[in-house]
Participant: 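One structure coming up, written as structure tokens, with questions to follow.
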Amino acid sequence: MKSNNHKDSPEKLMLDRIITGSGSSTRPGSKLMVLLLLLVSATYVVYTLQLISNSRACHVEPFSAVVRRLNDIVNSSQPLIILQSNQTAVIESHSSAPPPPPPETELHHVVFGIAASARLWKQRKEYIKIWYKPDKMRGYVWLEKPVKRLDDETNLPPVRISTDTSKFPYKNIQGHRSAIRISRIVTETFVMRDDDTVFVAENLIRLLRKYDHSQMYYIGSLSERFAVSYPLAVALSKMQDRCIKRYPALYGSDDRMQACMAELGVPLTKELGFHQYDVYGNLFGLLAAHPVAPLVTLHHLDVVEPIFPNMTRVDALKRLQGPAMLDSAGLMQQSICYDKRRKWTVSVSWGYAAQIFRGIFSAREMEMPSRTFLNWYRRADYTAYAFNTRPVSRHPCKKPFVFYMTTTGVHPITNMTVSRYESHRVAQPECRWKMANPGDLRTVIVYKKPDPYLWDRSPRRNCCRVKSKKNNTLEISVAVCKEGEVVEVM
């Protein structure tokens, strides 16, 4: 008879021995391998069952859970490492507060370095008295030699004597070696200017606030006054003497400053409100068509006529302080409009002057300065300017009627500024045009709401509107342009 016990396979016998613990003890490695196989197999089975159970509906982790997990990472004591553009950036733990933003630039943060001459100090100091506020400002006057201080100088900056510059070569036969002394002042102070310059301090601060004072900035305009940030002044002070020696043939202090800035690799950041102009004669054409930028400085005042007629230069500048105190942001800002009934073109340079023209002129023409001045070489050469100009018309009917500001105030009810402009009576040639004659006017009254945040918005001229004409007075309002308001030629 055949036995009922079938012969088992070697694999089954091995498995039985492992499970029951029977069998030879001479092969412990085989037992370990089988245990590993069982573990892998069990894991595979569990994973397969989980996959089958999830095939009906895909489970997506809620976004809130993702956010919670990210917050757990950020709030942990370990820094978060972000890889971006093949670079590693370490973000500090969220528990540490971010550094506070740098404070806004204020007037007390600025130091004025005023280059002056001992020979001209007696007359030039009067310009400084107009704008310098010793209780709010810091600054120094730099002279080439000591002068006797008088009792009327208590409200002026302290006087310092410049370092001897005779060791520096100067080879420009048309200039003066004082340019070396003036250019070196900037290594000791941060806003450089000459003593024949007047500042509108509020507008200077508005301008400087646009820039991070912890970075290197060289701010100004071509051949004009400038501001240098503190980090740049520090860098300049370390190399300026060596730099100046390399440029003995340059003309003035501005040339030397720009040469040294080029070596430092810092470009000029242009701001139109710094006015040096380098012109002679009458500034009316320039100031009556001021660019759309805050008025910051007026320079070279000794070589131009007083900005208001029949006054001294100093008294004329003092008159300008009235509107500057009421609305410094809008000072000398041009507005252009038309009197449609009389077919006049009206241009208002707020706080300075108003002009009325017979006929209609485009805004493009009106915003160009008329050439009432000569260039630096006292020539009527319109190609010598870095800006567009237009000729003074010789046509008897196209000459403007000019009204200069005389007084400014604030309306007690509306809180609007009220500025009065009186006719500048000069002989006018006969005009045969059949239209209303602006010469019949004696006064222009301009109403304007102060706008200290004018330069926080994108640059745009204000709009003016002719309100009414009463007897020999024309009333005009100046304000932000309304939606869709355009200065169109009719």
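One is the number of the first residue; the rest follow in order along the sequence. The analysis underlying the following values was restricted to heavy atoms, covering all of them including side chains, and did not include hydrogens, waters or symmetry mates.
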Participant: In residues 346-357, what donor-acceptor pairs under 3.5 Å come from side-chain atoms, sequence neighbours left out?
Facilitator:
from	atom 1	to	atom 2	distance (Å)
Ser347	OG	Gln334	NE2	3.0
Ser349	OG	Leu287	O	3.0
Ser349	OG	Met332	O	3.4
Tyr352	OH	Ile307	O	3.1

Participant: Measure SG to SG for Cys431 and Cys397 and state whether it is below 2.5 Å.
Facilitator: yes
Participant: Just wondering, do Arg256 and Gln240 contact through their side chains at under 4.5 Å, heavy atoms?
Facilitator: no
Participant: Side chains of Leu301 and Tyr127, heavy atoms from C-beta outward: is any pair under 4.5 Å?
Facilitator: yes
Participant: Hey, what do you get for OG1 (Thr163) to CZ (Phe168), rounding to the nearest 0.5 Å?
Facilitator: 8.5 Å
Participant: Quick check against the 3.5 Å criterion: does Arg138 have a side-chain atom that pairs as donor or acceptor with the backbone of His108?
Facilitator: yes
Participant: Flag yes if more than 12 heavy atoms outside Arg364 fall under 6.0 Å of its CZ atom; otherwise flag no.
Facilitator: no
Participant: Could you please spell out the steps behind the salt bridge (charged side-chain N to carboxylate O under 4.0 Å, His left out) verdict for Glu305 and Arg313?
Facilitator: CA-CA 7 Å; Glu305 299 173 9; Arg313 293 183 178 91; over 6 Å; no
Participant: What residues form a ring-ring contact (aromatic ring centres under 6.0 Å, His included) with His424, not counting sequence neighbours?
Facilitator: Tyr404
Participant: Tell me if the CE atom of Met325 is crowded by more than 12 foreign heavy atoms within 6.0 Å.
Facilitator: no
Participant: Taking the basic N atoms (NZ, or NE/NH1/NH2) and the acidic carboxylate oxygens, is any pair closer than 4.0 Å for Lys449 and Asp327?
Facilitator: no
Participant: Can you see whether Arg390 engages Ser370 through a side-chain donor-acceptor pair at a distance of less than 3.5 angstrom?
Facilitator: no
Participant: Answer yes if the side chains of Thr406 and Arg319 hold a donor-acceptor pair under 3.5 Å, and no otherwise.
Facilitator: no
Participant: Let's go through Glu271 and Lys210 carefully: what are the C-alpha distance in whole Å and the side-chain angles of both, what is the deciding distance for salt bridge (charged side-chain N to carboxylate O under 4.0 Å, His left out) to 0.1 Å, and is it a yes or a no?
Facilitator: CA-CA 11 Å; Glu271 287 287 352; Lys210 299 192 304 183; 2.8 Å; yes
Participant: Would you call Met239 and Glu263 a side-chain contact if the rule is heavy atoms closer than 4.5 Å?
Facilitator: yes
Participant: Please report the interatomic distance SG(Cys243) to CE(Met257), rounded to the nearest 0.5 Å.
Facilitator: 9.0 Å
Participant: Restricting to non-hydrogen atoms, name the atom on Phe403 and the atom on Pro438 that form the minimum distance, rounded to 0.1 Å.
Facilitator: CZ-O, 4.4 Å
Participant: For the OH atom of Tyr247 and the CD1 atom of Ile180, what is their distance to the nearest 0.5 Å?
Facilitator: 14.0 Å
Participant: Might you point out which heavy atoms bring Gly359 and Thr345 nearest each other, and give the distance in Å?
Facilitator: O-OG1, 2.7 Å
Participant: Who passes side-chain contact (heavy atoms from CB on, under 4.5 Å) against Lys482, sequence neighbours left out?
Facilitator: Arg465, Glu485
Participant: Just by distance, with hydrogens left out, do His213 and Ser229 show a side-chain donor and acceptor under 3.5 Å apart?
Facilitator: no
Participant: If you compare all heavy atoms of Leu441 against all heavy atoms of Leu474, which two are closest, and at what distance to 0.1 Å?
Facilitator: CD1-CB, 4.1 Å
Participant: Give a yes or no answer on whether the side chain of Asn388 reaches the backbone of Met368 with a donor-acceptor pair at less than 3.5 Å.
Facilitator: no
Participant: State whether Arg420 and Glu422 are salt-bridged, where the test is any N-O pair (Lys NZ or Arg NE/NH1/NH2 against Asp/Glu carboxylate O) under 4.0 Å.
Facilitator: yes
Participant: Does His176 NE2 have over 12 foreign heavy atoms under 6.0 Å away?
Facilitator: no
Participant: Are side-chain heavy atoms of Pro267 and Met261 found at a separation under 4.5 Å?
Facilitator: no
Participant: Closer than 4.0 angstrom, basic N to acidic O: yes or no for Arg461 and Glu367?
Facilitator: yes
Participant: Is the gap between the ring centers of Tyr132 and Phe199 under 6.0 Å?
Facilitator: no
Participant: Measuring from Trp131:CH2 to Leu204:CG, what's the distance to the nearest 0.5 Å?
Facilitator: 9.0 Å
Participant: Distance alone, cut at 3.5 Å: any donor-acceptor contact between the side chains of Arg358 and Asn437?
Facilitator: yes
Participant: Which heavy atom of Val186 sits nearest to which heavy atom of Leu236, and what is that distance?
Facilitator: CG1-CD2, 3.2 Å
Participant: Would you say Lys145 has more than 12 foreign heavy atoms packed within less than 6.0 Å of its NZ?
Facilitator: no
Participant: Any salt bridge linking Glu144 with Arg119? Criterion: basic side-chain nitrogen under 4.0 Å from a carboxylate oxygen.
Facilitator: no
Participant: Can you spot which of Thr197, Leu317, Val200 makes a side chain to side chain contact (heavy atoms under 4.5 Å, CB included) with Leu298?
Facilitator: Leu317
Participant: If you measure from the Lys or Arg side-chain nitrogens to the Asp or Glu carboxylate oxygens, is any gap between Glu153 and Lys129 under 4.0 Å?
Facilitator: no
Participant: Leu264 versus Leu232: any side-chain heavy-atom pair under 4.5 Å?
Facilitator: yes
Participant: Just to verify, which of Arg206, Gln321, Glu202 counts as forming a side-chain hydrogen bond (donor to acceptor under 3.5 Å, both in side chains) with Ser328?
Facilitator: Arg206
Participant: Can you find a heavy atom in the side chain of Val228 that is under 4.5 Å from one in the side chain of Tyr218?
Facilitator: yes
Participant: Between the side chains of Ser162 and Arg181, is a donor N or O closer than 3.5 angstrom to an acceptor N or O?
Facilitator: yes
Participant: Any non-hydrogen side-chain atom of Phe308 less than 4.5 Å from a side-chain atom of Asn310?
Facilitator: no
Participant: Are the charged groups of Asp339 and Lys469 less than 4.0 angstrom apart, N to O?
Facilitator: no
Participant: When you measure from the side chain of Thr312 to the backbone N and O of Asp315, does any donor-acceptor pair fall under 3.5 Å?
Facilitator: yes
Participant: How many angstroms lie between atom OG1 of Thr269 and atom OH of Tyr211, to the nearest 0.5 angstrom?
Facilitator: 5.5 Å
Participant: Between Cys463 and Cys337, is the disulfide bond (SG atoms under 2.5 Å apart) condition met? List the steps.
Facilitator: CA-CA 7 Å; Cys463 287; Cys337 54; over 6 Å; no
Participant: Identify the heavy atoms of Cys464 and Ser335 that sit nearest to each other, and give their distance.
Facilitator: CB-CB, 3.8 Å
Participant: Can Arg457 and Asp451 be counted as an ion pair, charged N to O under 4.0 angstrom?
Facilitator: yes
Participant: Looking at Trp344, does the NZ or CZ of Arg342 lie under 6.0 angstrom from its six-membered ring centre and within 45 degrees of the ring axis?
Facilitator: yes
Participant: Measure the CG-CG distance between Leu250 and Asp255 for me, rounded to the nearest 0.5 Å.
Facilitator: 5.5 Å
Participant: Leu326: which residues meet the side-chain contact (heavy atoms from CB on, under 4.5 Å) condition with it, sequence neighbours left out?
Facilitator: Thr408, Val410, Thr417
Participant: Evaluate side chain to side chain contact (heavy atoms under 4.5 Å, CB included) for Leu143 paired with Arg160, printing each intermediate quantity in order.
Facilitator: CA-CA 6 Å; Leu143 297 172; Arg160 296 288 184 268; over 6 Å; no
Participant: Grab the two heavy atoms, one from Pro157 and one from Arg149, that are nearest each other, plus how far apart they are.
Facilitator: O-NH2, 3.9 Å
Participant: Under the rule for side-chain contact (heavy atoms from CB on, under 4.5 Å), what residues qualify as partners of Val303, not counting sequence neighbours?
Facilitator: Tyr280, His300, Trp376
Participant: State which residues pass side-chain contact (heavy atoms from CB on, under 4.5 Å) with Lys122; sequence neighbours excluded, sorted by chain then number.
Facilitator: none
